[in-house]
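All remarks here apply to the structure that follows.
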There are 4 protein chains.
Amino acid sequence: MPRAVREQQMLDAAVRIFGRRGYRAASMDEIAELAGVSKPLVYLYLNSKEELFGACVRREAAALVDAVREGVGAASGERADRQLWGGLRAFFAHTAERPDGWAVLHGQARTQGEPFAAEVAAMRAEVLAFVTSLIVAAAREAHGDPLLPEREVAGLARALVGAAESLADWANADASVSGKEAAATLMRFAWAGLGGLLEGRGWDPA
Amino acid sequence: MPRAVREQQMLDAAVRIFGRRGYRAASMDEIAELAGVSKPLVYLYLNSKEELFGACVRREAAALVDAVREGVGAASGERADRQLWGGLRAFFAHTAERPDGWAVLHGQARTQGEPFAAEVAAMRAEVLAFVTSLIVAAAREAHGDPLLPEREVAGLARALVGAAESLADWANADASVSGKEAAATLMRFAWAGLGGLLEGRGWDPA
Amino acid sequence: MPRAVREQQMLDAAVRIFGRRGYRAASMDEIAELAGVSKPLVYLYLNSKEELFGACVRREAAALVDAVREGVGAASGERADRQLWGGLRAFFAHTAERPDGWAVLHGQARTQGEPFAAEVAAMRAEVLAFVTSLIVAAAREAHGDPLLPEREVAGLARALVGAAESLADWANADASVSGKEAAATLMRFAWAGLGGLLEGRGWDPA
Amino acid sequence: MPRAVREQQMLDAAVRIFGRRGYRAASMDEIAELAGVSKPLVYLYLNSKEELFGACVRREAAALVDAVREGVGAASGERADRQLWGGLRAFFAHTAERPDGWAVLHGQARTQGEPFAAEVAAMRAEVLAFVTSLIVAAAREAHGDPLLPEREVAGLARALVGAAESLADWANADASVSGKEAAATLMRFAWAGLGGLLEGRGWDPA
DNA sequence: GATGAATGAGTTTTCATTCAT
DNA sequence: GATGAATGAAAACTCATTCAT
């Protein structure tokens, strides 16, 4: 069996085990067994547990970013809200379809020290860039001019992405919640909030 | 030295090590050393690594819920937005003050299998209950009548809490972001969003 | 059983295994078993295979140097030839009594890379210093004045020590050769050679 | 490329790796890579690591013995001292020219258990035979009659060879010491010693 | 003649956990 | 109440060796 194929099988197995057991609790023995190969072959192809995990993280991060990019892109040319909606739907669909991959990214990589946390941060930065540009675009479409300071937009994007991540966990854990419903709830809320802020209906602690 | 005090010292040490290394990577040796006691004593008082971790999770969860409850309670009698604001501020202040405890709850316990995930879910449920009741109260104050279906309120609360958690990580990781600023951004956004939804300015995919 | 005693047992076992199998071929399992303890205890006390080997080398080197020093010292006050003879006899007696220790020093440590080779080199330097000073003393006693250039003395000392090491291997391998006989042969030869050189009866390639 | 050539390349690579890393630490992977062939080919030609090492030892031992034989032979017909000098020079020149081969013979094979130690012993026996016969010849030339008992001659030869081996290591390790200088120092010393013994100027413990 | 693909067996090392005192 | 001494079990990783092509 050619190397490239075997490698993907190993990554599949590794994502599943890492996602379910966690990085430290996952054993190379179990991964090799699930992949249907011997341990030395895993080491021959992927060098070490750390590199194997890194390869998983990179693959899953790229897949997720691609999915979101495609979701947004499918509505390119339409208004910002449709593009955001496309991205959200794609995000929830992807995390629902690959729960182990999502667990690796969101549940494991973030907490396993620098090389991996950085990789996840880079992925999140890509998504944040999408969201940020869509917020700015929405503001332009609504008022022709961004009224929100850049720093606040960054915070909003972060909040939106955080909410989405949390809802993805929710939808993955609770079978009665569909990705579509989660996306709709979040979109309605977010769009209302954005609109309100742009029209000056924010809240003031005083 | 009385047992209760020793136990708290052990928990302090354990939270610090668990929070920084992760559950699996943390070693009982290191925890005992940091606590300044011998390993057998840790076992005498806390029985096993699993129980020790459970005790950490329970203590930190209770402390966080207490902090939020107090933050909300300090504005009891005032309007729902002030109470939500009080809870948010307390949440961000607490996570900033006890980053290791927050790492144990948010970064570790959630991904370490049933007994702990359940404990964290219970804690989050308490916080969600607060938030849900405040959203309902806000709706009453605004229209005398909750216009939002229960299911949507649950989703909104979840989104709000998820956003808060994500912003807490952000504020912990990026020193230039204060808890207060994160809280204010989120509050402005959330309140505008809630108000918009209540007034029927939501977004519709069609 | 107190730690210090256990440690010596472990070193005894390790010297035996390292000496017979070689550094790489020796297994920590076998060492622990011969020492009558579990492997983790070996690691608890001696940290790693490398450190364990280092401890063996240091112990055996010190023992050998001490033996030679004592052999030389027992004839202190007497003439240089008696002192050299004392050192040689002690050297052969020691290597015959502790063949595994000698194998560790001469057969293994020298070829196992820097930290160990350096340790053996230091030991040999001590012995070389003895021999060198005895050669110089002999020259003084014979002629009141060292006629041999320093560089040649260094080479002679080296040759003498090398011959002794080789004869020690020989005596260890061939039971019919006693340490005393080896020492006597070498001493007769060396003393005749030294005397000849000092009296100008050396050999010239031309 | 013909088999014989390929085989020599493999042996070249193996001698280099074995000499530098040691028998156990050397890996067949590294040897195959350095030889520029695939591992199965190494096995096809040389069967196993053990046989490969054996082939290295035999080749290097033969080369060394040949070199010494040639060195001695170049002075055949001359007096014994010239022949010994020729052998010594050749020995030091050869070990300096092929340090890895010398390391395999002197540093590794001797300590790797029976098959190899025996091979090295056989090589040394050949060299010892040269030296022994030269000592006897020298005695004849000087007195017409060997005054030294056979057993002592064996010891002397051994000491001489041991000294030479040790000086070869020295010259290999310390660049400021040339093979020629080492050979001269040893030759002067040895010849003076031999002459002294033959003339009854030995040393007596009493 | 030559190799890419693959593995069984063994290595060093770590860790949660328990006694005897 | 507290600890020094000790270990069973398992982890990551390596290596000599073999097939199918």
Side-chain angles (χ1 to χ4, degrees), chain A residues 1-7 10 21 23-32 35-53, chain B residues 1-3 6 21 23-32 36-53, chain C residues 1-7 10 23-32 35-53, chain D residues 1-3 6 23-32 36-53:
Chain A
M1 186 170 301
R3 175 169 179 155
V5 175
R6 274 273 192 257
E7 262 186 30
M10 290 178 194
R21 301 248 186 289
Y23 175 63
R24 293 290 299 227
S27 97
M28 296 297 273
D29 269 298
E30 200 179 0
I31 291 171
V37 297
S38 69
K39 228 186 331 166
L41 199 59
V42 179
Y43 278 90
L44 190 61
Y45 284 2
L46 289 141
N47 300 321
S48 72
K49 192 183 188 183
E50 212 167 331
E51 280 192 40
L52 171 58
F53 186 61
Chain B
M1 188 172 296
R3 170 162 181 161
R6 272 254 202 275
R21 302 246 186 289
Y23 175 62
R24 293 288 301 223
S27 97
M28 296 297 272
D29 269 295
E30 202 179 358
I31 291 171
V37 297
S38 71
K39 232 183 332 170
L41 198 60
V42 178
Y43 278 88
L44 188 64
Y45 284 5
L46 288 142
N47 301 318
S48 74
K49 193 185 190 183
E50 212 167 332
E51 283 191 37
L52 171 58
F53 187 60
Chain C
M1 187 169 300
R3 175 170 180 154
V5 175
R6 274 273 193 259
E7 263 186 30
M10 290 177 194
Y23 176 63
R24 292 291 300 227
S27 97
M28 295 298 273
D29 268 301
E30 200 179 0
I31 291 171
V37 297
S38 69
K39 232 187 326 169
L41 199 60
V42 179
Y43 277 90
L44 189 63
Y45 285 1
L46 288 142
N47 300 321
S48 72
K49 192 182 189 184
E50 211 168 330
E51 280 192 39
L52 171 58
F53 187 60
Chain D
M1 187 172 298
R3 170 162 181 158
R6 273 256 202 273
Y23 175 61
R24 293 287 300 221
S27 97
M28 295 297 274
D29 268 295
E30 201 178 358
I31 291 170
V37 298
S38 71
K39 233 179 336 166
L41 198 59
V42 178
Y43 278 88
L44 188 63
Y45 284 3
L46 288 142
N47 301 320
S48 73
K49 192 184 188 183
E50 214 167 332
E51 283 191 37
L52 171 58
F53 186 61

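On a predicted model such as this, the values are computed, not experimentally measured, just so you know. Convention: sequence-line order gives letters A, B, ...; per-chain numbering from 1.
- Considering all non-hydrogen atoms of both residues, A:Glu51 and A:Leu46 come closest at CB-O, 3.2 Å.
- Scanning DNA chain F for stems, defined as runs of 3 or more consecutive Watson-Crick or G-U wobble pairs whose donor-acceptor distances all fall under 3.5 Å, gives the following ranges: E:2-21 with F:2-21.
- Two residues are said to be in side-chain contact when any heavy atoms from C-beta on lie closer than 4.5 Å; C:Asp29 and C:Lys39 meet this criterion.
- The line from CG of B:Leu41 to CZ of B:Arg3 is 8.5 Å long, rounded to the nearest 0.5 Å.
- Atoms CG (A:Leu46) and C1' (E:dA6) sit 15 Å apart, rounded to a whole Å.
- Residues C:Arg24 and D:Ala25 come closest through the heavy atom pair NH1-CB, 3.6 Å.
- Within 4.0 Å of D:Arg3, counting heavy atoms only, lies no atom of the nucleic acid at all.
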Using a cut-off of 4.0 Å between protein heavy atoms and nucleotide atoms, how would you tag nucleotides 14-21 of chain F 5' to 3' with B, S and -?
-> BBSBBB--
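- Counting all heavy atoms, side chain and backbone alike, A:Val42 lies closest to A:Met10 at CA-SD, 3.8 Å.
- With contacts defined as side-chain heavy-atom distances shorter than 4.5 Å, the pair C:Glu50/C:Tyr23 qualifies.
- Applying the 4.0 Å criterion to OP1 and OP2 of E:dA6, one finds that A:Tyr45 has a side-chain N or O inside that range.
- What separates CE of A:Met10 from P of E:dA5 is a distance of 11 Å, to the nearest Å.
- The nearest whole Å value for the distance from the CD1 atom in B:Ile31 to the P atom in E:dC15 is 11 Å.
- The 5' end of DNA chain F is approached more closely, in terms of each residue's nearest nucleotide, by B:Arg6 than by the other of B:Arg6 and C:Leu44.
- A:Ala32 approaches A:Ser38 most closely through the heavy-atom pair CB-C, 4.0 Å.
- Atom CE of C:Met28 sits about 7.5 Å away from atom NZ of C:Lys49, to the nearest 0.5 Å.
- Between the CD atom of A:Glu7 and the P atom of E:dG4 there is a distance of 15 Å, rounded to whole Å.
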